[in-house]
A.B. asks: 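Please read through the structure below; I'll follow up with questions.
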Amino acid sequence: MVGLEYEQLLPYALPHENADKAFRVIPGDFVTTEDGTGIVHIAPTFGADDAKVAKEAGVPPMLVLDENGNAVPLVDLQGKFRPEMGEFAGKFVKNEYYNKGEEPEKSVDVEIAIKLKEENKAFKVEKYEHSYPHCWRTDKPVLYYPLDSWFIKSTAAKDRMIALNKTINWKPESTGTGRFGNWLENLNDWNLSRSRYWGIPIPIWRTEDGAEAICISSVEQLKSEIERAIAKGLMTKNPLANFVVGDMSKANYEKFDLHKNYVDEITLVSASGKPMKRETDLIDVWFDSGSMPTAQLHYPFENKELIEKQKLGVADFIAEGVDQTRGWFFTLHAISTMVFDNIAYKNVVSNGLVLDKNGQKMSKRLGNAIDPFQTLDKYGPDATRWYMITNAQPWDNLKFDLEGITEVQRKFFGTLYNTYGFFALYANLDGFKYAEEEIPLEKRPEIDRWIISKLNSLIKEVDAAYETYEPTKAGRAIQDFVNDHLSNWYVRLCRRRFWKGDYSEDKIAAYQTLYTCLEVVAQLSSPIAPFYADLLYTDLSKISGKGNTTSVHLSDFPLANEKAIDLDLEQRMEIAQKVSSMVLSLRKKEQIKVRQPLQKIMVPILDATFKRQLQDVADLVLSEVNVKEIQYLEDTAGVLVKSIKPNFKTLGPKYGKIMKQIAAVVTQFNQNDIQNFEKNSGAKLTVEGEEVVLDMNDVEIITQDIPGWLVATEGSITVALDITITQELKEEGIAREFINRIQNLRKDSGFEVNDRISLKILQHSEINEAIIKNKNYICSETLATELNLVEKLEQNNGVVVELDENVSTIMSVEKV
RNA sequence: AGUCCUAUAGCUCAGUUGGUUAGAGCGCUACACUGAUAAUGUAGAGGUCCGCAGUUCAAAUCUGCGUGGGACUACCA
C-alpha cells in the first residue's frame, strides 16, 4: 500500500509547501498490525515520531501561512482552531480548555467524528482514552506544539561524555552504566529554550530576518553593545551606565537587573546596522544547576586559576534523587564535559525515593505524607537519620515507617545510652578519669582483649564502608557491635568487675576498655548521628581530657590497630557464646534455673584447635551458665553417637552426575562405617559401577548424641549437661536464692550500692545448712558484715521471703 | 513502548564464587534475671525465597518469559 494516495478527509486547508506530496501512505516502523487496521493517520506538526517519518518520506507538515506570512499549525497558541478550519474555527481542541461551565456539550472530537460518519468517511468510531500527559497543576491535558527553540549541540560531545562517565563512581553502579549510560548513548541535542517568565534570559539578540545575531557573554560586553546601539540612535540611554567594568563587588552587580522584563527593552545593533531584538525565551533552569559549581565562583570572570588549574569545580561527592538522571546529574556532566573536558563529580549517589510505609508515593492528596519537621521534633534528627540510613540502602526506595524510628530509638540509642549509663554510674563512684597509665592489652583479661579486637575489626569495617559510600553497611555494623557484642556480651559478663571489690588493676582495665569502646563508637557514629555522638563523646572526653574536648567532629577518625585484632580470639568467643546459649537452652528444657549451680558440662572435641579455643574461654562459659566444670570428651571407643554428611561442595565437582547416589550411600553409614571412615581418614566406595574415593574433606562428621546425657547440638558443636543436683549444689543454690532476696531488700530499702549491712535470718530446717556452709559467700556478695541465724524474728521486724514454693522464712536487713 | 531498580517470615531487611537445616531485628507466645531495672537475657512458633520454564549432579542465587511495585524517557491508534 505504500505510495498510495488518498483524498484529504477534512479539506479545510492545504500545507503551504509541497501540498502535492501530502496525503500518501508512507511506512513507519512504530505502527504495528496488532492494533487497529495497521494504518495510522499521522500529525507531523504535533508528534516527534510522526514528524520524523513524514520528513523521511517527504510529506510536508500541515502548516499554513498566517496574517504575517509565518508558517503556523492549524491550532493557535491558545489551543483553538484557526480561521481556516471552517465550522470548527475558534473552538478549543479540548473541552478541558474552556472555562468552567462554558464548554460545549459536544467536544470538537465528537463533532469531527459525527461529521465523518455523516459523510460516510468513518468505518467505525470508538472512544479511546489516551494516556495523555496532563498538567501537574491544572490537571488539563497537555497539547504538544511545535515551537522554535535554541539547542546546545550536546551530541557533538557525546563520545567524551560517555568516556568521562566511565571514570565516575556511581552508587549504585547500575544507574551509571544502565540508566545514565543508556541516556548518554541515545543523547539528543539539549533544548535550552523555555517559555517561562522567571529565569535567565537567553542572551541572544537577532535581526528581524534572523540573518544576523549576537550572543552576549558578559555584562561588560552587553554594556558596550548598548553603547553602540545608542550611537546608532536605537536606544536613548544605557541601563548599565552605572556598572563599573572590572569591579566584581556585589554592589556593582546590583545596580541593574538582568531579568527578562528589563533586558527585553534592550535593542542592539547588528554589524550591518540593523536593530536586533532579544530572543524571547529563557534558559532551561537545569542550565543554572549544571553550571552552579563554577558559576557560584563567578567563573570565568574570577577564580580562573582555582577552577582551571586546581579543578575546584569538581565535586568529590554529590547525592540526589535517582529521578535527576536527566536533570542535575546530566547537566552537571554535560556542562563540565563541554566547557572543561572534565567530570563535574567523582562520586555520585543517586538515592531512591522515600515512600510511605506501604510502598506508595507520599502525596498530600492521599494524606500519606509525613511532615518532616514534626518528625524531627518528635523523634529527633539522629534517630530519624539513623533509621533512614540503616533501614535501606540510600539508592533503594525507603518505606518510611515512624515505628521504625521508635525501634531505632529503643534498640540502638537506648542500648548505647544504657551502656554509657552503666559505665558512668560506676566510673563516677570510683572516680575513674582515665588518669592511670594505659594498661597494656596483654595485661588485660581475655574478654577485654576480645572486645578491643572486635572494636578494631569494627573500625576497619566501618571505615571501608564509608570509604565506598556504603553508609548503610557502616550503620548496621555499628549497631550490631553495640547491641550484640558490647552490651549483650561484654557489659553483661563484666558487670561484677565494675562494682565488685577495690579499685584494682582489673577494674581499671574494665573501665579503660569500656571507655575506649564508647569513645570509638561515638566517633564512628558521628556522621550518621552527629548530635548524639557529639554529646556522648564530649561527656567522655571532658572528664578524661583525652581526644578533642570540644567536639567529636573535630576529633580524628579512629584508625584500626591491626595488632589488637586477634581473629582466633574472636573465634573462640563465638564458641563461648554458642556453647553458653546451648547450655542455657538445655537448662530451660529441664526447667533448672540459672541460679541453681550444676556440676559439669561435657563437650566432644572435634580437633586440637577447637579444644584449645574452648579451654581458653571455659571460665567465661562456666560462670555464664553457672556450672562448675567442663569435661572434654575425646572419642573413645564409640561412646559418642556420630552422624555423617556428604560435603557437596567438594564432591560436586568430582562426581557431578552420581552425586545423589553417593549422598544416599554416605547418609546410610552406620556407627561402624563412620568409625572406620575416621580411622582410615577416608573410604572407597563403588557407586553406579564407578569407584569413588572419599577423604575427610569430603564429609562432615559431627557428634549427634552422648547416650545417657542431656544433649544439644548446633552446627558442629555438641554439648551435654549433667543435671544431677547433689545436696551440696542444692545448698549453694539456696544460698544464691538468698543473695538474690537480700539484694532486692537492699534496693527496696533504698541502700546505696556500697552500704554495709547486718543480716538476721529466722532459722528453717530446709535452709540452715545451706546458710551456714555458704555464710562467707553470702556475706561477701551482699556486703554483710554479720549474718546471724536466729531462733526468733518477728514479722514486723523483718520481711517474709519465699525461697521455694513451700519454703519461706523471715529476714531482716539493717544498715551498719 | 524502551531503559533501570525491586520482590526472601505478619513487618523491615541480610543471604559471599550456585552446595543440601535460608538468617537477623521488630512483632507475637512462653520463660528467666533483678547491683544496667522505665534496663537485660533465653527459648518457641512463623517460609510456595513473586510465578512459569530452562541450564546444572545441585538454583533464593545463573538464563529466558511473565506478574506486582517504583523511577525516568518517549510515544500513543
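Just so we're on the same page: letters track the sequence lines, and every chain starts at 1.
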A.B. asks: Of the nucleotides B:G70, B:U12, B:U42, which one has an atom closest to the side chain of A:Lys399?
C.D. replies: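 It is B:U12.
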A.B. asks: How do A:Asn391 and A:Leu584 order along RNA chain B: which one's closest nucleotide is nearer the 5' end?
C.D. replies: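 That would be A:Asn391.
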A.B. asks: At less than 4.0 Å, is any side-chain N or O atom of A:Ser581 found next to OP1 or OP2 of B:A43? Yes or no.
C.D. replies: yes
A.B. asks: On a whole-Å scale, what distance lies between the C1' atoms belonging to B:G44 and B:U55?
C.D. replies: 40 Å
A.B. asks: Under a 4.5 Å cut-off applied to non-hydrogen side-chain atoms, are A:Val491 and A:Asn418 in contact?
C.D. replies: no
A.B. asks: Can you check the distance between B:U12 and B:G69, where both ends of the measurement are the P atom (answer in whole Å)?
C.D. replies: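 So the two P atoms sit 16 Å from each other.
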A.B. asks: Give the dot-bracket line for RNA chain B from 5' end to 3' end: parentheses for intra-strand Watson-Crick or G-U pairs under 3.5 Å, square brackets for crossings, | for inter-strand pairing, dots for unpaired.
C.D. replies: (((((((..((((.....[...)))).(((((.......))))).....(((((..]....))))))))))))....
A.B. asks: Is A:Glu737 paired with A:Arg741 through a side-chain N to carboxylate O contact shorter than 4.0 Å?
C.D. replies: yes
A.B. asks: Considering just the side-chain nitrogens and oxygens of A:Arg410, establish if one lies under 4.0 Å of OP1 or OP2 belonging to B:G27.
C.D. replies: yes
A.B. asks: If you measure from the C1' atom in B:G19 to the same atom in B:G2, how many Å do you get, rounded?
C.D. replies: 38 Å
A.B. asks: Find out whether A:Val348 and A:Phe180 are in side-chain contact, i.e. whether some heavy atom of one side chain is under 4.5 Å from a heavy atom of the other.
C.D. replies: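 The answer is no, as the side chains (C-beta and beyond) never meet within the 4.5 Å cut-off.
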A.B. asks: Parallel, tilted or perpendicular, judged at 30° and 60°: which one describes the rings of A:Phe423 and A:Tyr420?
C.D. replies: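 Tilted.
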A.B. asks: If I pick the P atom on B:C57 and the same atom on B:C5, what distance separates them, to the nearest angstrom?
C.D. replies: 30 Å
A.B. asks: For nucleotides 56-62 of chain B, give me one character per nucleotide, 5' to 3': B if any protein heavy atom sits under 4.0 Å from the base, S if the only such contacts are to the sugar-phosphate, - if neither.
C.D. replies: -B-----
A.B. asks: Between B:C4 and B:C65, how many Å separate the two P atoms, rounded to a whole number?
C.D. replies: 12 Å
A.B. asks: Rounded to whole angstrom, note down the C1' distance from B:A24 over to B:A9.
C.D. replies: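 Here B:A24 and B:A9 have their C1' atoms 11 Å from each other.
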A.B. asks: Do you see a donor-acceptor pair shorter than 3.5 Å between the side chains of A:Asp430 and A:Tyr511?
C.D. replies: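 Short answer, yes.
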A.B. asks: May I ask you to check whether A:Phe329 and A:Trp170 place their ring centres under 6.0 Å from each other?
C.D. replies: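 Yes, they do, as the ring centres are separated by less than 6.0 Å.
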A.B. asks: Looking at A:Glu470 and A:Lys171, is any side-chain nitrogen of the basic one under 4.0 Å from a carboxylate oxygen of the acidic one?
C.D. replies: yes
A.B. asks: Report the nucleotide, chosen from B:G35, B:G25, B:A14, that has the shortest atom-to-atom distance to any side-chain atom of A:Glu407.
C.D. replies: B:G25
A.B. asks: From the options B:U42, B:G35, B:A14, select the nucleotide whose nearest atom is closest to the side chain of A:Arg495.
C.D. replies: B:G35
A.B. asks: Hey, does the side chain of A:Lys411 come within less than 4.0 Å of B:G25's phosphate (OP1/OP2), counting only N and O?
C.D. replies: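 No.
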A.B. asks: Taking the nucleotide of RNA chain B with the closest heavy atom to each, which residue, A:Phe422 or A:Leu398, is nearer the 5' end?
C.D. replies: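 Going by which nucleotide is closer to the 5' end, it is A:Leu398.
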A.B. asks: Please tell me if A:Arg492 has a side-chain N or O lying less than 4.0 Å from either OP1 or OP2 of B:U40.
C.D. replies: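 False: A:Arg492 side-chain N/O out of range (4.0 Å or more) of B:U40 OP1/OP2.
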A.B. asks: Write down the distance separating the P atoms in B:G70 and B:C76, rounded off to the nearest Å.
C.D. replies: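 Nearest-Å result for B:G70 against B:C76 at atom P: 25 Å.
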A.B. asks: Pick the P atom in B:U29 and in B:U21, then give their distance to the nearest Å.
C.D. replies: 32 Å
A.B. asks: Does the side chain of A:Asn626 come within less than 4.5 Å of A:Gln596's, by heavy atoms?
C.D. replies: no
A.B. asks: What orientation do A:Phe400 and A:Tyr387 show, parallel under 30°, tilted 30 to 60°, or perpendicular over 60°?
C.D. replies: perpendicular
A.B. asks: Can you figure out which of B:C5, B:U42, B:C13 approaches the side chain of A:Asp396 most closely?
C.D. replies: B:C5
A.B. asks: Give A:Arg476 one of three labels, base, sugar-phosphate or nothing, depending on what nucleic acid heavy atoms sit under 4.0 Å from its own.
C.D. replies: sugar-phosphate
A.B. asks: When the aromatic ring centroids of A:Phe432 and A:Tyr503 are compared, is their separation below 6.0 Å?
C.D. replies: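 Distance test on ring centres: not under 6.0 Å, no.
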